Asker: 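Okay, handing you the structure first.
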Amino acid sequence: WVTSPLNNLVGNHAAGSTGIGIWYIFGENVTGPSADLPELDFQHMEAFKTAILTNEDNVVHSCGETGFFFGGALQHDQDFSEHTALCDPRIHPLDPDSPTAVNYITRMTVFKNIKENIWNDCRATLWANLHSSDAYLGLTMAHNNWVMDSTFIGESSNWGEPNIVRLRNGSKVMWHR
């Protein structure tokens, strides 16, 4: 879980989880052990109104449910609700009349996630150079978003055929993809 929009996610790989690979999920207030930290002085609902920092060059694959999930709401007891309409970034997060800010997600690669590659119920998200393949649903967006210079492949020829891999010690093993 990434529970604060003030994180940079760059060059990460998430694979093989039974549920969700990477999940941006914000709460109405800071929760858990971080709730008492003075440097995390978010106002009520501020995280939902703050644009995320850098998200680029991340890869998510082979997860049991959703590869990349952007949305939901973290509850005060660390439980969650999956689908909400709370995420709505603003230039000035605490000003309800502030212009819309944009969440930028750049050069993400998602593939072979069982349920769906990406679920996004955050408004004003721009997906640039997104690469999605081999999932029942490639990208689901619930609100106003943009997709630019991206590639979607429903089913590729990559069946994960095993191949022989040479290890550092020189031995060869069959590597099942």
Side-chain angles (χ1 to χ4, degrees), residues 1-96 98 100-127 130 132 134-145 147:
W1 292 3
V2 180
T3 60
S4 168
L6 302 180
N7 283 289
N8 292 297
L9 272 70
V10 179
N12 298 289
H13 293 242
S17 75
T18 58
I20 296 169
I22 296 175
W23 190 354
Y24 278 103
I25 181 171
F26 309 137
E28 293 181 11
N29 297 295
V30 177
T31 65
S34 300
D36 297 325
L37 297 175
E39 62 270 21
L40 295 178
D41 189 26
F42 274 105
Q43 302 297 313
H44 180 73
M45 298 298 289
E46 185 176 359
F48 288 109
K49 306 298 181 188
T50 302
I52 62 172
L53 296 182
T54 307
N55 182 309
E56 62 187 28
D57 299 317
N58 293 301
V59 177
V60 188
H61 67 89
S62 308
C63 297
E65 290 185 25
T66 302
F68 183 81
F69 197 107
F70 194 176
L74 187 61
Q75 306 299 315
H76 69 280
D77 61 358
Q78 301 294 288
D79 199 359
F80 59 89
S81 59
E82 286 189 13
H83 305 290
T84 67
L86 299 174
C87 185
D88 189 12
R90 300 292 166 168
I91 299 292
H92 303 288
L94 298 176
D95 179 357
S98 176
T100 299
V102 176
N103 293 308
Y104 293 94
I105 299 180
T106 308
R107 293 182 304 277
M108 178 174 278
T109 300
V110 287
F111 59 96
K112 293 193 181 294
N113 297 290
I114 302 302
K115 181 179 174 185
E116 60 200 347
N117 280 339
I118 298 170
W119 169 266
N120 178 29
D121 73 357
C122 192
R123 289 174 171 80
T125 303
L126 189 147
W127 303 84
L130 171 64
S132 173
D134 297 308
Y136 182 72
L137 297 170
L139 170 62
T140 303
M141 300 183 293
H143 304 286
N144 59 318
N145 290 266
V147 179

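Please read all numbers here as calculations on a predicted model, not as lab measurements. Heavy atoms only: backbone and side chains are in, while hydrogens, waters and symmetry mates are out.
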Asker: Would you say Asn120's side chain and Met141's backbone share a donor-acceptor pair under 3.5 angstrom?
Answerer: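 Here the side-chain-to-backbone pair does not exist.
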Asker: I'd like to know if the side chain of Asp121 and the backbone of Ala142 have a donor-acceptor N/O pair within less than 3.5 Å.
Answerer: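 No: the side chain of Asp121 does not pair with the backbone of Ala142.
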Asker: State, with a plain yes or no, whether a side-chain heavy atom of Cys122 is found less than 4.5 Å away from one of Pro89.
Answerer: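 Side-chain contact under 4.5 Å: yes.
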Asker: CG of Leu139 to OG1 of Thr125: how many Å apart, nearest 0.5 Å?
Answerer: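 Interatomic distance, Leu139 CG to Thr125 OG1, rounded to 0.5 Å: 10.0 Å.
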Asker: Would you check if Ile114 and Cys63 make a side-chain contact, meaning some heavy-atom pair closer than 4.5 Å?
Answerer: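 No, too far: nothing below the 4.5 Å cut-off.
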Asker: Of the options Ile105, Asn8, Asn7, which is the one that meets Ile52 in a side chain to side chain contact (heavy atoms under 4.5 Å, CB included)?
Answerer: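 Running side chain to side chain contact (heavy atoms under 4.5 Å, CB included) over Ile105, Asn8, Asn7 with Ile52 returns exactly one hit, Ile105.
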Asker: Can a donor-acceptor pair be found, under 3.5 Å and without considering hydrogens, that links the side chain of Asn58 to the backbone of Leu9?
Answerer: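 At least one qualifying donor-acceptor pair exists.
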Asker: Rounded to the nearest 0.5 Å, how far apart are CG of Asn144 and OG1 of Thr100?
Answerer: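 So the CG of Asn144 and the OG1 of Thr100 are separated by 7.0 Å.
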Asker: Quick one: does any side-chain atom of Arg123 pair with a main-chain N or O of Val102 as donor and acceptor, under 3.5 Å?
Answerer: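 No: the side chain of Arg123 does not pair with the backbone of Val102.
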Asker: Which heavy-atom pair separates Phe111 from Val59 by the least distance, and what is that distance?
Answerer: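 For Phe111 and Val59, the tightest heavy-atom pair comes out as CE2-CG1, 4.0 Å.
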Asker: Between Tyr24 and Asn55, do the side chains contain a donor N or O and an acceptor N or O under 3.5 Å apart?
Answerer: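 Side-chain D/A pair, Asn55 to Tyr24: present.
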Asker: Any non-hydrogen side-chain atom of Asp95 less than 4.5 Å from a side-chain atom of Arg90?
Answerer: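 No - every pair of side-chain heavy atoms lies 4.5 Å or more apart.
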Asker: How many angstroms lie between OG in Ser132 and NE2 in His61, if you round to the nearest 0.5 Å?
Answerer: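 Nearest 0.5 Å value for the OG-NE2 distance: 13.5 Å.
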Asker: Is there a side-chain contact between Met108 and Trp127 in this structure, where contact means two heavy atoms from C-beta onward sitting under 4.5 Å apart?
Answerer: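 They are in contact (side-chain heavy atoms under 4.5 Å apart), so the answer is yes.
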Asker: About how many Å separate CD1 of Ile25 and OG1 of Thr3, when rounded to the nearest 0.5 Å?
Answerer: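 Here the interatomic distance stands at 9.0 Å.
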Asker: Taking Asp88 for its side chain and Leu86 for its backbone only, find out whether a donor-acceptor pair lies under 3.5 Å.
Answerer: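 Side chain of Asp88 to backbone of Leu86, a donor-acceptor pair under 3.5 Å: no, none is there.
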Asker: Could you tell me if the side chain of Val110 sits less than 4.5 Å from the side chain of Leu130, heavy atoms only?
Answerer: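 Yes - at least one pair of side-chain heavy atoms lies under 4.5 Å apart.
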Asker: Roughly how far, to the nearest 0.5 Å, is the CG atom of Leu53 from the OG atom of Ser4?
Answerer: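 Answer rounded to 0.5 Å: 7.5 Å.
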Asker: Please tabulate, for the side chains in residues 42-51, all donor-acceptor contacts under 3.5 angstrom to protein atoms that are two or more places apart in sequence or on a different chain.
Answerer:
residue : atom : partner : partner atom : Å
His44   : ND1  : Asn29   : OD1          : 3.4
His44   : ND1  : Asn29   : ND2          : 3.4
Glu46   : OE1  : Gln43   : N            : 2.8
Thr50   : OG1  : Glu46   : O            : 2.7

Asker: Considering only distance and modelled atom types, tabulate donor-acceptor pairs under 3.5 Å from the side chains of residues 67-75, sequence neighbours left out.
Answerer:
residue : atom : partner : partner atom : Å
Gln75   : NE2  : Ala73   : O            : 3.4
Gln75   : NE2  : Ser81   : OG           : 3.4

Asker: Are side-chain heavy atoms of Asn117 and Thr66 found at a separation under 4.5 Å?
Answerer: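 SC-SC contact between Asn117 and Thr66 ruled out.
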Asker: Hey, are Lys115 and Glu65 close enough for a salt bridge, meaning a charged N less than 4.0 Å from a carboxylate O?
Answerer: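 Between Glu65 and Lys115 there is no salt bridge, as every charged N stays at least 4.0 Å from the carboxylate O atoms.
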